[in-house]
Engineer: 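Just dropping this structure here.
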Amino acid sequence: MKLLFEKSIENRRTHYLSACDVPDVELPIKRKTPLGLPQLSETDVTRHYSELESNTFGINDGFYPLGSCTMKYNPKINDKISGLPGFTDIHPLQPQSTVQGLFEALDTAGQYLSEITGMYAMSFQPAAGAHGELASLMMFKKYFEERGETDRVKVIVPDSAHGTNPATVHMCGMKIINLPSNADGCIDLDQLRAVVGPDTAGIMLTNPNTLGIFEEDILEITKIVHNAGGLCYYDGANLNAIAGIMRPGEMGFDCIHLNLHKTFSTPHGGGGPGSGAIGCKEFLYKYLPGPQIVKEGDSYSFKDYEGSIGQILAFYGNTLISLRALAFIMAYGKDGLPIMSKHAVLNANYMKHRLSERFEIFNKGLCMHEFVITMEREAKGSNFTAKDMAKAILDEGMMAPTMYFPLIVKEALMVEPTETEGKETLDRVIDTYISIYDKVMKENTLAGQFPKNTIIGRPDEVGAARNPIVRYSNPNNI
């Protein structure tokens, strides 16, 4: 479809502003050229955005099984609660005495999340998961600096980790120690023992891991790191499998981040909005990004701690995301969260079991909330790749799984059905996957032809990556 700039027609307008009734003021800085906005009627604009909407795909349109991203249904009541005027109509600089309701809600959310994760306190400042990772490692770094242990600069990152983990280590000026997984896709304890030492700052780990496997040796893993003097950080991207059942704090983790926009209900994707709330044990509390909400008597206020790593986002983060999470948690309750997690695990294992009739699954035993298909056999034997499978799935009116991740599995498709899908949907999806597989394997010339029914066909992804066009140039200088 065309851009608004391409649809622009000179002198076409959409505005109803009255004539200015105050004197014009010349600004000291003025553009040398016109702003160049497209000129359109209201009808043109509304049709453009309606067309955009019809060309996009979201969780309300169909099955959306992105592994490690938890693209699940988000109850609309959470949007209604977070949209209450008492939350949306306040200003971040108004007196703290006038926003006591918001403070109480955020403090309550922090208490609930601390209970769920086994942490002492939470901060809602980080804007996304990677931002929460960064804040957590900054806390680790300051902790060691204050103890005079500045030689602790090495952070252990499994080769199955999310890609943001090593990036975060690098951004903090620390050294990445890549830890190869064992044949089962889990941490190799002997290799872990071999790399820890007096220069170990910590380990970054998610459990269940990115392969959808629960690290059964988790207590030994965190013990090995702690015995070496390091700290343990929990990547909360996969909390959807264990929330209400097991707490990262009891696994031995000292600091965590949570993707509130995954596990706890906010529409995820499209660049935001997000929240990478972080939690920590009591000995790290003073390092949390400031300010912290504290209650003294019957009132709440902000408090800055001397040891804090400082403010890492304007004001107090994306607070409406935290309110959605609070509404989600309160709706489920203490008894409901374990059911949520169990259903996520049940759905993943059901899909995994049925799809194993055709596809090779990396993890042979029970999985947690997600599992990984490897199409290495098909790619070598029939030139039927994971990308081909994903493109064919798009033709069936559903989103494809995550492709080529984790990197340690060749021709990977990572599937996470989430707990909000019913058996009828899962059966339809499974039957579709099997139908595509059988059709392509029977006529392997079909493999590279998908998708056929989407808005665009098969783009030149390599060309787009190497020669990106990031700025539109209009021949009419609009």
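Being a predicted model, the structure only gives us computed values, none of them experimental. The analysis underlying the following values was restricted to heavy atoms, covering all of them including side chains, and did not include hydrogens, waters or symmetry mates.
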Engineer: So D427 and K423, salt bridge (charged side-chain N to carboxylate O under 4.0 Å, His left out) or not? Walk me through it.
Structural biologist: CA-CA 6 Å; D427 284 332; K423 183 177 179 295; 2.8 Å; yes

Engineer: Does the H353 side chain pair with the main chain of N349, one donor and one acceptor, at a distance under 3.5 Å?
Structural biologist: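 Looks like no, no N/O pair under 3.5 Å.
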
Engineer: For the residue pair Y305 and Y285, is the inter-centroid distance of their aromatic rings smaller than 6.0 Å?
Structural biologist: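 Yes - the distance between ring centres of Y305 and Y285 falls below the 6.0 Å cut-off.
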
Engineer: State whether a side-chain donor-acceptor pair under 3.5 Å links S160 with N209.
Structural biologist: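 Side chains of S160 and N209: no pair found under 3.5 Å.
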
Engineer: So do M368 and N207 actually touch side chain to side chain, heavy atoms under 4.5 Å?
Structural biologist: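 In short, these two side chains do not touch, never coming nearer than 4.5 Å.
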
Engineer: Ignoring hydrogens and geometry, is there a side-chain-to-backbone donor-acceptor pair from N363 to C367 under 3.5 Å?
Structural biologist: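 Not at all, since once roles are kept as given, no pair shorter than 3.5 Å links the two residues.
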
Engineer: Identify the two heavy atoms, one from P451 and one from T454, that lie closest to each other, and give their separation to 0.1 Å.
Structural biologist: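 Heavy atoms of P451 and T454 come nearest at CG-OG1, 3.2 Å.
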
Engineer: Does Y112 form a side chain to side chain donor-acceptor pair (under 3.5 Å) with D107? I'd like the steps, not just the answer.
Structural biologist: CA-CA 9 Å; Y112 286 165; D107 183 61; over 6 Å; no

Engineer: Within a strict 4.5 Å, meaning less than it, do heavy atoms of the I116 and L337 side chains meet?
Structural biologist: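 Contact flag for I116/L337 side chains = yes.
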
Engineer: Would you name the heavy atoms of M399 and Y433 that are closest together and state the gap between them?
Structural biologist: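 Heavy atoms of M399 and Y433 come nearest at O-OH, 4.5 Å.
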
Engineer: So which atom in P406 and which in A412 form the shortest heavy-atom distance, rounded to 0.1 Å?
Structural biologist: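 Taking every non-hydrogen atom into account, O-CB, 4.1 Å.
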
Engineer: For the backbone of E421 and the side chain of N347, can you confirm whether one donor and one acceptor N or O come within less than 3.5 Å of each other?
Structural biologist: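 Yes, the answer is positive, given that a donor and an acceptor are paired below the 3.5 Å cut-off.
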
Engineer: Determine yes or no for a side-chain-to-main-chain donor-acceptor pair under 3.5 angstrom, with S308 supplying the side chain and D304 the backbone.
Structural biologist: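 Checking the backbone N and O of D304 against the side chain of S308, no donor-acceptor pair under 3.5 Å is found.
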
Engineer: Under the criterion side chain to side chain contact (heavy atoms under 4.5 Å, CB included), I'd like the reasoning laid out for V409 against L211: C-alpha separation, chi angles, the key distance, then a yes or no.
Structural biologist: CA-CA 9 Å; V409 179; L211 293 160; 3.6 Å; yes

Engineer: What do the steps show when you test I81 against L323 for side chain to side chain contact (heavy atoms under 4.5 Å, CB included), and what is the final call?
Structural biologist: CA-CA 8 Å; I81 290 173; L323 294 174; 5.5 Å; no

Engineer: Could you tell me whether the side chain of Q100 and the main chain of S299 form a donor-acceptor pair under 3.5 Å?
Structural biologist: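 Here the side-chain-to-backbone pair does not exist.
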
Engineer: Search all heavy atoms of G274 against all heavy atoms of I321 and return the closest pair with its distance.
Structural biologist: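 Closest pair (atom of G274, atom of I321, distance): O-CG1, 3.9 Å.
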
Engineer: So, T432 and E396: side-chain donor and acceptor under 3.5 Å apart, yes or no?
Structural biologist: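 There is no such pair (donor and acceptor under 3.5 Å, judged by atom type) between the side chains of T432 and E396.
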
Engineer: Please report the shortest heavy-atom distance between T168 and A130, naming the atom on each side.
Structural biologist: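 Closest heavy-atom pair between T168 and A130: OG1-O, 4.0 Å.
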
Engineer: Is it the case that the ring center of F302 lies less than 6.0 angstrom away from the ring center of F103?
Structural biologist: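 F103 vs F302: aromatic centres under 6.0 Å.
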
Engineer: Does the side chain to side chain contact (heavy atoms under 4.5 Å, CB included) test come out yes or no for L355 and I373, once each step is laid out?
Structural biologist: CA-CA 9 Å; L355 288 177; I373 295 170; 4.2 Å; yes

Engineer: Under a 4.5 Å cut-off applied to non-hydrogen side-chain atoms, are E370 and V415 in contact?
Structural biologist: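 E370 does not reach V415 side chain to side chain.
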
Engineer: Indicate yes or no: at least one non-hydrogen side-chain atom of M204 is less than 4.5 angstrom from one of V155.
Structural biologist: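 Touching, per the 4.5 Å side-chain cut-off.
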
Engineer: Take V99 and Y300 through the test side chain to side chain contact (heavy atoms under 4.5 Å, CB included) and record every step on the way to the result.
Structural biologist: CA-CA 9 Å; V99 291; Y300 297 87; over 6 Å; no

Engineer: Would you say N240 and K72 are linked by a side-chain donor-acceptor pair, where the criterion is simply a distance under 3.5 Å?
Structural biologist: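 There is such a pair (donor and acceptor under 3.5 Å, judged by atom type) between the side chains of K72 and N240.
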
Engineer: Any donor and acceptor pair, going by atom type alone, linking the side chain of E250 with main-chain N or O of T117 inside 3.5 Å?
Structural biologist: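 Pair absent, no side-chain N/O of E250 close to backbone of T117.
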
Engineer: Find the distance between CG (L113) and OG1 (T108) and round it off to the nearest 0.5 Å.
Structural biologist: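 Going from the CG atom of L113 to the OG1 atom of T108 covers 11.0 Å.
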
Engineer: Using only heavy-atom distances, determine whether the side chains of H162 and T206 contain a donor-acceptor pair under 3.5 Å.
Structural biologist: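 No.
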
Engineer: With a 3.5 Å cut-off and sequence neighbours excluded, list the donor-acceptor pairs that the side chains of residues 325-336 form with protein atoms.
Structural biologist:
none

Engineer: Check the orientation of Y64 and F57. Use parallel for under 30°, tilted for 30 to 60°, and perpendicular for over 60°.
Structural biologist: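 Tilted.
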
Engineer: Quick check: does any side chain N or O of D235 sit under 3.5 Å from a backbone N or O of I256, one acting as donor and the other as acceptor?
Structural biologist: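 Absent.
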
Engineer: Looking at N165, I176, I187, V195, which one forms a side chain to side chain contact (heavy atoms under 4.5 Å, CB included) with I156?
Structural biologist: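 The single option meeting the side chain to side chain contact (heavy atoms under 4.5 Å, CB included) with I156 is V195.
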
Engineer: Could you tell me if the side chain of E461 sits less than 4.5 Å from the side chain of K387, heavy atoms only?
Structural biologist: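 Yes - at least one pair of side-chain heavy atoms lies under 4.5 Å apart.
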
Engineer: Establish, yes or no, whether a centroid distance under 6.0 Å links the rings of Y287 and F140.
Structural biologist: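 No, they do not, as the ring centres are separated by 6.0 Å or more.
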
Engineer: Quick one: do the E419 and S341 side chains pair a donor with an acceptor below 3.5 Å?
Structural biologist: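 E419 vs S341: no donor-acceptor pair found between side chains.
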
Engineer: Take a 6.0 Å sphere around CD of Q311 and say whether it holds more than 12 heavy atoms from other residues, nucleotides or ligands.
Structural biologist: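 Yes, because the 6.0 Å sphere around CD of Q311 holds more than 12 heavy atoms from other groups.
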
Engineer: Is the backbone N or O of L137 less than 3.5 Å from a side-chain atom of K142, with the two atoms forming a donor-acceptor pair by type?
Structural biologist: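 Not at all, since once roles are kept as given, no pair shorter than 3.5 Å links the two residues.
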
Engineer: Do you see a donor-acceptor pair shorter than 3.5 Å between the side chains of E411 and Y404?
Structural biologist: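 The criterion, which ignores hydrogens and geometry beyond distance, is satisfied for Y404 and E411.
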
Engineer: Do P85 and F87 have side chains that get closer than 4.5 Å, going by heavy atoms?
Structural biologist: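 No. Closest side-chain heavy atoms not under 4.5 Å.
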
Engineer: Could you check H369 against T418 for side chain to side chain donor-acceptor pair (under 3.5 Å), going step by step and ending with a plain yes or no?
Structural biologist: CA-CA 7 Å; H369 64 306; T418 77; over 6 Å; no

Engineer: How about T70 and E416: does a side-chain donor come under 3.5 Å of a side-chain acceptor?
Structural biologist: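 Side chains of T70 and E416: pair found under 3.5 Å.
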
Engineer: Examine distances only and state if a side-chain atom of T98 and a backbone atom of Q94 form a donor-acceptor pair shorter than 3.5 Å.
Structural biologist: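 Looks like no, no N/O pair under 3.5 Å.
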
Engineer: Evaluate the criterion side chain to side chain donor-acceptor pair (under 3.5 Å) for residue pair E133 and T164; output intermediate values, then yes/no.
Structural biologist: CA-CA 8 Å; E133 290 176 24; T164 52; 2.7 Å; yes

Engineer: Between R152 and M174, is any pair of side-chain heavy atoms under 4.5 Å apart?
Structural biologist: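 R152 does not reach M174 side chain to side chain.
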
Engineer: As an exercise, state the distance from OG1 of T263 to CD1 of I242, rounded to the nearest 0.5 Å.
Structural biologist: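 Result: 9.5 Å between the selected atoms.
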
Engineer: Can you confirm whether L189 is buried at CG, in the sense that more than 12 heavy atoms of other residues, nucleotides or ligands lie under 6.0 Å from that atom?
Structural biologist: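 Yes, CG of L189 has more than 12 neighbouring heavy atoms, counting only those of other groups under 6.0 Å.
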
Engineer: Is there a side chain to side chain donor-acceptor pair (under 3.5 Å) between Y234 and H257 once you walk through the steps?
Structural biologist: CA-CA 7 Å; Y234 182 83; H257 96 259; over 6 Å; no

Engineer: With a 4.5 Å heavy-atom cut-off, do P208 and I213 have their side chains touching?
Structural biologist: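 Contact flag for P208/I213 side chains = no.
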
Engineer: At what distance, to the nearest 0.5 angstrom, does CE of M375 lie from CE of M389?
Structural biologist: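 M375 atom CE to M389 atom CE measures 6.0 Å (nearest 0.5 Å).
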
Engineer: Search all heavy atoms of G307 against all heavy atoms of E146 and return the closest pair with its distance.
Structural biologist: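 Looking at all heavy atoms of both residues, the closest pair is CA-OE2, 4.3 Å.
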
Engineer: Does M171 CE have over 12 foreign heavy atoms under 6.0 Å away?
Structural biologist: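 Open.
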
Engineer: Go through the steps to decide whether K303 and E296 satisfy the test salt bridge (charged side-chain N to carboxylate O under 4.0 Å, His left out), and finish with yes or no.
Structural biologist: CA-CA 11 Å; K303 182 175 182 180; E296 296 176 343; 5.0 Å; no

Engineer: Is atom CG of L93 surrounded by more than 12 heavy atoms (other residues, nucleotides or ligands) closer than 6.0 Å?
Structural biologist: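 Above 12, so yes.
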
Engineer: D254 side chain to L231 main-chain N or O, any donor-acceptor pair under 3.5 Å?
Structural biologist: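 Side chain of D254 to backbone of L231, a donor-acceptor pair under 3.5 Å: no, none is there.
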
Engineer: Please collect all side chain to side chain donor-acceptor pair (under 3.5 Å) contacts where either partner lies in residues 184-202, sequence neighbours excluded, each pair once.
Structural biologist: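 Counting only pairs at least two positions apart or across chains, the side chain to side chain donor-acceptor pair (under 3.5 Å) contacts touching residues 184-202 are K154-D199, D190-R193, R193-E220.
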
